[in-house]
Amino acid sequence: MAYDVIVIGAGLAGLTGGLRLAEAGRRVLLLAKGHSHTHWSAGTIGVAYDEQPLAAVARLAAQPDHPYARAGIPDLTAAVARLRELCAAANYPLAGALDRNTRLPTAVGALRPAALFPGTMAAGDAASHAPILVAGFREFRDFFPSLVAANLTAQGLPARGVYLDLPRTRRQLDFPTTSFGRLFEDRAFRADVGRQLRAARGDAARIALPAVLGLRDAGAVVNELRELSGVPVFEIPTPPPSVPGIRLYDILAEAFQRAGGRLQIGSWVLRGEGEGRRLRAIYTEAAAREQRHTADYYLLATGGIAGGGLRTDHTGAIVETALGLPVAAPAQRTDWFAPRFLAPEGHAIYRAGIGASATLRPLDSQGVVVYENVVVAGAALAGADLIHEGAYEGVALATGWRAAGELLGAAGETRNAEAAGLPAADH
């Protein structure tokens, strides 16, 4: 099958860009070696660490090399609006707003800001000082209710922790997050947990549970547990694999495929084949051979250092793993990190990535476009320490949306030029 666009990467940036292209009627193939940021994140949307996130986005966008300078507030707003529509249709509405961060508890009892978050986490808003019962299971080894409660109490949120007895289940040994997610989809399991919560709640005005309350219909599970316990219930994100992140991934991936996109997980892009300033083909790993894929345009969204889109070696070289694009990074390995771990300026290595033009085309060290039919989105872009800035999901959504828009415009220009018998414009 001939494709208009091949998207490389199945994180928020790749899925957002692929979805916009597929919904515009383009034939899109999305390739990824595995699941991405969604499965490792809290399942919330961080735009910037600031009481007024949009104002912080505007300040970051004033930095010429920052990804927000290429995809700003209009792109972010449009991408978020589409995501909220999809989540609402899936009965998994997102709470919060882009102009205000909400502080939510983490799995160690810290408070982490998020602009948008699942409605299943809404009752955890730290603006409320209502007493909290933090409940968990001994079989769930990555969530310690007493630790969470002690740290919340130290920050002025009265809380206490309790372990529940695991209801009868056929599982005997391993209980990862996804297994608990499936257990909570069983009505008898929920009923047993609800009875225990009511008995244990005491003077608590709300109850926190690890974010494993169902893989598919978490909103209904939370509502049922609220009715059974008698007080609001909310989820606290856990270490990965992230059930809230998986829910977001499933919503986006299913929408992409409904729109006609083809999703292929387990396809590791090994290299690209260029001709002049155009990428002609990419090659993925296959059994005993390489598989060749071609399209008119390509959207690269493989992530940065943390996501595997960039790789370093013992010599200090930093390479882009899919297409071999030039990487903007510190010249010396000694310059990767600041002297202090919690340095206010962050660490230079996390700002490494692919330099991009105003239209998100990849640039070489001289500022020349490498491939005019390739756009780059998400954490693969240079110029931002997204974790330090709290902008990981915001940049992914904004640049994924903008990258798709650039390709839709470029394809239209090409078609118009071909119809008129003229050469297509350079980008």
Side-chain angles (χ1 to χ4, degrees), residues 39-46 49 95-96 101-114 116-167 174-181 183-184 189-190 192-214 218 221-222 225-226 228-247 342 387 390:
H39 287 52
W40 300 92
S41 70
T44 59
I45 305 298
Y49 283 152
N101 272 328
T102 299
R103 295 188 305 154
L104 300 170
T106 72
V108 293
L111 295 174
R112 182 174 182 270
L116 303 176
F117 46 91
T120 59
M121 300 180 188
D125 187 346
S128 168
H129 289 265
I132 302 170
L133 174 68
V134 183
F137 302 91
R138 288 182 178 84
E139 292 80 2
F140 187 21
R141 296 186 296 270
D142 292 327
F143 191 84
F144 305 96
S146 296
L147 171 66
V148 177
N151 286 334
L152 289 176
T153 299
Q155 296 172 89
L157 299 179
R160 61 186 175 87
V162 63
Y163 278 114
L164 306 177
D165 294 325
L166 185 71
D174 191 32
F175 290 88
T177 57
T178 50
S179 293
F180 267 102
L183 288 173
F184 270 100
F189 186 94
R190 296 195 302 270
D192 193 323
V193 170
R195 285 192 295 269
Q196 292 188 62
L197 293 175
R198 179 176 284 273
R201 81 176 193 218
D203 63 352
R206 47 185 173 161
I207 295 174
L209 285 161
V212 293
L213 304 184
V221 173
V222 167
L225 291 176
R226 179 189 62 202
L228 291 168
S229 67
V231 295
V233 170
F234 67 93
E235 294 186 295
I236 293 180
T238 69
S242 164
V243 169
I246 291 170
R247 294 172 194 152
L342 296 178
I387 296 175

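- Heavy atoms only, all atoms of each residue included: F140 and P210 are closest at CE2-CB, 3.4 Å.
- The two residues L157 and A126 have their closest heavy-atom pair at CD2-O, 3.7 Å.
- Remark: side-chain polar atoms of R201 are paired, donor with acceptor, to backbone N or O of S229 under 3.5 angstrom.
- Between R198 and L228, the shortest heavy-atom distance links the atoms NE-O, 2.8 Å.
- Taking the side chain as every heavy atom from C-beta outward, F184 and L225 approach each other to under 4.5 Å.
- Side-chain contact between T106 and V148 is absent, with no heavy-atom pair separated by less than 4.5 Å.
- Taking 4.5 Å as the limit, some side-chain heavy atom of Y163 sits within range of a side-chain heavy atom of F144.
- Side-chain N or O atoms of E235 include one that pairs as donor or acceptor with a backbone N or O of L213 at under 3.5 Å.
- Within the 3.5 Å criterion, the main-chain N or O of V212 finds no donor-acceptor partner in the side chain of T177.
- Of all the heavy atoms in G109 and L152, the pair that sits closest is O-CD2, 3.5 Å.
- Proximity of a side-chain donor or acceptor of R206 to a complementary backbone N or O of A130 within less than 3.5 Å is detected.
- Nearest heavy-atom pair across P167 and F189 is CD-CE1, 3.6 Å.
- To the nearest 0.5 Å, the span separating OG1 on T238 from CZ on F143 amounts to 8.5 Å.
- We find the OG1-CZ distance between T102 and F117 to be 4.0 Å, quoted to the nearest 0.5 Å.
- Between L209 and L197 the shortest side-chain heavy-atom distance falls below 4.5 Å.
- Counting heavy atoms from C-beta on, the side chains of P244 and M121 come closer than 4.5 Å.
- Counted by atom type alone, N151 and Q155 present zero donor-acceptor pairs between their side chains at under 3.5 Å.
- Under the 4.5 Å side-chain criterion, counting only non-hydrogen atoms from C-beta, V243 is not in contact with F180.
- In terms of modelled atom types and a separation under 3.5 Å, the side chain of R160 and the main chain of P145 share no donor-acceptor contact.
- The minimum heavy-atom distance linking A205 with P232 is given by the pair O-CD, 3.3 Å.
- You'll find the side chain of I246 reaches within 4.5 Å of the side chain of H39, heavy atoms only.
- F234 CZ to D125 CG: the interatomic distance, rounded to the nearest 0.5 Å, is 10.0 Å.
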Derivation and outcome, side chain to side chain contact (heavy atoms under 4.5 Å, CB included), residues V222 and T120: CA-CA 6 Å; V222 167; T120 59; 3.8 Å; yes

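- A donor-acceptor distance shorter than 3.5 angstrom exists from the side chain of R247 to the backbone of G214, with no hydrogens or angles considered.
- With T153 contributing its side chain and A159 its backbone, the two residues share a donor-acceptor pair below 3.5 Å.
- Annotation for R103: atom CZ does not count as buried by contact number, only 12 or fewer foreign heavy atoms lying within 6.0 Å.
- At least one side-chain heavy atom of R112 sits under 4.5 Å from a side-chain heavy atom of Y49.
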